[in-house]
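All remarks here apply to the structure that follows.
Letters go in sequence order (proteins before strands), and every chain restarts at 1. Quick caveat: nothing in here was measured; it's all calculated off a predicted structure.
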Protein chains: 4
Amino acid sequence: MPKIINNLRSKISRAAYQLFSEKGYSAVSMKIVAEETGIAVGTLYNYYTNKEELFIKVIEEKIKNHKKIFDKYLQKEELDLEMFITHLYDEINKSKGVIDEVIKKNINSKEKKIVTRLRSDLLEIVDQILIQFKEKKGIKKGAKAERKRGVYALLIMILILDRRFPGEREKNISYLLKMANLI
Amino acid sequence: MPKIINNLRSKISRAAYQLFSEKGYSAVSMKIVAEETGIAVGTLYNYYTNKEELFIKVIEEKIKNHKKIFDKYLQKEELDLEMFITHLYDEINKSKGVIDEVIKKNINSKEKKIVTRLRSDLLEIVDQILIQFKEKKGIKKGAKAERKRGVYALLIMILILDRRFPGEREKNISYLLKMANLI
Amino acid sequence: MPKIINNLRSKISRAAYQLFSEKGYSAVSMKIVAEETGIAVGTLYNYYTNKEELFIKVIEEKIKNHKKIFDKYLQKEELDLEMFITHLYDEINKSKGVIDEVIKKNINSKEKKIVTRLRSDLLEIVDQILIQFKEKKGIKKGAKAERKRGVYALLIMILILDRRFPGEREKNISYLLKMANLI
Amino acid sequence: MPKIINNLRSKISRAAYQLFSEKGYSAVSMKIVAEETGIAVGTLYNYYTNKEELFIKVIEEKIKNHKKIFDKYLQKEELDLEMFITHLYDEINKSKGVIDEVIKKNINSKEKKIVTRLRSDLLEIVDQILIQFKEKKGIKKGAKAERKRGVYALLIMILILDRRFPGEREKNISYLLKMANLI
DNA sequence: AATGAATGAGGCTTCATTCAT
DNA sequence: AATGAATGAAGCCTCATTCAT
């Protein structure tokens with residue numbers, strides 16, 4: 001007794017994202033995703049080939065989203081570092097759980113490549129924003145490789161601090177600002 | 001045809017630790033742990049109530065071990081920050097896989113408490129070492145809460161950088177030194 | 001956006017027959033049949049109650065078709081045994097995959113009866129043709145039951161030899177001729 | 001609550017063989033095999049890697065068995081063709097259902113090779129017995145390829161006739177004798 | 001105390017079938 | 001009459017755990 005459901009793909013995506021964030025890849029069953037979405041298990045497979053694809057697509061979407069948001073900063077005249085970091089902090093923490101999984105390696109190599117590329121895109125954008133900021137302040141930019149490490153550390157630390165010290169948003173951001181200045 | 005085995009508990013612990021480090025909690029089966037230890041699956045259950053307890057106990061031991069090692073720094077006359085960070089880096093990276101799992105939360109709350117306590121112990125010790133170092137240099141120590149955040153960030157970043165930039169130990173350490181100075 | 005399709009029933013039948021022949025009953029999904037026919041899955045169920053009925057009806061049609069073709073031999077003045085066997089060989093091998101399934105018994109008893117009847121029809125016709133041939137040659141016909149066995153063996157062997165020795169049509173036919181003479 | 005079971009491997013094999021014979025590969029579920037054996041599903045997997053291996057091993061065993069039995073005929077002084085065909089008939093019909101599957105192609109290529117080899121072995125042996133028989137009677141043996149076709153036809157027909165005319169063992173055998181003489 | 005075969009719940013996935021549009 | 005998304009039972013397989021030996 002099928003019922004037509006609107007925007008099911010995005011409903012599934014939302015539920016899956018939520019669950020993966022909370023529990024991590026292997027602790028989430030397709031059954032749970034289906035239940036949380038309010039559909040039958042089989043229906044999931046009309047939208048995603050398998051569990052892994054579901055996971056990858058969920059991440060893909062999230063990171064694309066981040067990228068889009070931060071791209072806007074590159075066009076801005078004024079750039080306030082604190083405001084940017086704050087924004088970064090809030091945005092990234094919307095998807096914290098999923099990103100955990102990206103850091104982990106229990107994804108097979110084909111998917112890993114996709115994830116790696118997505119991550120690179122995101123790092124690149126943050127790097128460019130920070131460079132632009134330094135140029136405005138007249139600060140010399142460091143070596144590319146070192147910046148990369150610094151940006152990476154910054155993004156990861158956003159996730160980690162928010163999880164570990166969830167009630168201390170301001171203090172976390174203030175620490176992250178110091179980290180941003182190391183770059 | 002049972003065989004008596006000495007120090008079986010520590011043998012299991014070693015094998016399990018190795019495996020959890022490499023593959024993560026859910027990718028390790030009790031069968032593999034038994035095989036790697038060279039015993040039967042049933043025997044595992046004479047030493048650990050279940051898989052989760054095995055995991056927790058393994059972590060417990062490792063962190064206790066770290067603690068012991070770093071405790072020695074507190075008695076030392078001379079304290080070279082770079083040397084300490086280097087040591088920290090190498091020690092922690094020996095158990096990176098396991099610690100990943102600790103960061104994740106797919107452990108139930110009872111066990112989580114234990115892990116939390118263990119982690120606090122480790123943080124505490126590193127904090128004290130850093131304080132001691134600052135005192136020797138005549139630098140004023142910051143607020144407890146802020147130090148805690150910094151130390152935590154430092155430890156996590158050790159794991160993360162080593163995984164992401166595995167061939168760049170020196171550069172990683174050099175970045176971590178800068179982070180340590182933020183504390 | 002429904003579209004009206006002419007002769008859909010026969011289009012489905014053709015596609016299904018092709019697929020069942022190639023892959024066998026259980027390896028063919030209703031989805032594939034629909035795709036191959038160029039229609040939606042649901043439409044299949046407007047023409048056939050379920051998968052099993054589709055299968056049965058497809059066979060039914062094929063065997064009827066054989067029957068029709070061989071019926072013509074009964075009216076012929078001249079009858080060359082070799083030519084007949086050759087024709088039989090080629091005709092039957094067009095539907096080999098489906099007939100495999102008929103030989104197997106994973107069909108429930110109701111359908112089995114239908115298939116049995118269809119098969120009997122076909123056997124009957126070949127029997128009559130062979131009798132007619134013998135009469136012309138002045139050879140005495142054997143007992144009904146024995147002829148039945150022989151004809152059955154002949155038909156089955158056509159399928160089997162063509163599959164096992166697919167490149168050896170002439171030699172297969174020559175062997176089958178010998179079998180036909182046993183009848 | 002495990003209970004130790006003796007000769008479980010052969011018990012599984014027997015049950016599986018029976019079921020595959022009756023229903024064919026895809027209509028037999030691992031659950032049914034387990035139930036019929038009187039064990040849990042998981043236990044099956046302690047003895048066979050997967051369903052396909054179970055199937056292959058069951059066949060393997062049966063054909064090996066046939067081979068062993070017929071090997072004895074090669075040493076015999078006296079050889080009565082009728083007796084041999086009768087024996088062949090009875091032996092082969094013990095495993096009829098499974099052999100069906102060997103004829104079908106729904107096995108992947110790796111396993112198919114094994115099955116093909118096993119079948120060749122069996123054909124070879126029957127061929128040699130028939131040659132030996134002919135030599136004793138002073139009959140010239142035909143070309144290898146033609147004998148192969150004839151022996152294959154003989155074996156298949158044993159299966160087919162017994163299934164189609166199950167109550168007519170003697171008449172089936174008598175027909176098969178005629179087929180054997182064609183070789 | 002050690003063994004490892006047996007257990008069975010639970011995970012992923014497929015697919016015949018239904019029915020709102 | 002046609003559509004195809006939704007359904008959910010059922011299949012294969014894994015693995016933590018138990019317990020007779």
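With F:dC13, F:dA16, E:dC12 as the choices, the nucleotide that has an atom nearest any side-chain atom of B:Tyr45 turns out to be F:dA16. If you check E:dC12, F:dA2, E:dC15 against the side chain of C:Leu8, the one that comes closest is F:dA2. Distances were taken from every side-chain heavy atom of D:Lys51 (C-beta onward) to each of F:dC13, F:dT3, E:dA1; the shortest belongs to F:dC13. Nearest to the side-chain atoms of B:Thr43 among the listed nucleotides E:dG4, E:dT13, E:dA2 stands E:dA2.
For a distance-only test at 3.5 Å, the side chain of B:Asn46 fails to qualify as a donor-acceptor partner of the base of E:dA1.
Residue order along DNA chain E, read from the 5' end via each residue's closest nucleotide, puts B:Gly42 first among A:Ser29 and B:Gly42.
Across all strands shown, C:Tyr48 has no heavy atoms under 4.0 Å from either base or sugar-phosphate atoms. C:Val28 comes within 4.0 angstrom of the backbone, heavy atoms only, and of no base.
Atom pair A:Lys31:NZ and E:dA9:C1' shows a separation of 11 Å (rounding to whole Å applied). Counting to the nearest Å, the C1' atom of E:dC15 and the CE atom of A:Met30 are 16 Å from each other.
Shortest non-hydrogen contact noted between B:Leu54 and B:Val33 is CD2-CG1, 4.2 Å.
Seen from the ring of C:Tyr17, C:Lys62 counts as a face-on cation partner, given the 6.0 Å and 45° thresholds. C:Lys51 forms a cation-pi arrangement with C:Tyr25, by the criterion of a distance under 6.0 Å to the ring centre and an angle within 45° of the ring axis.
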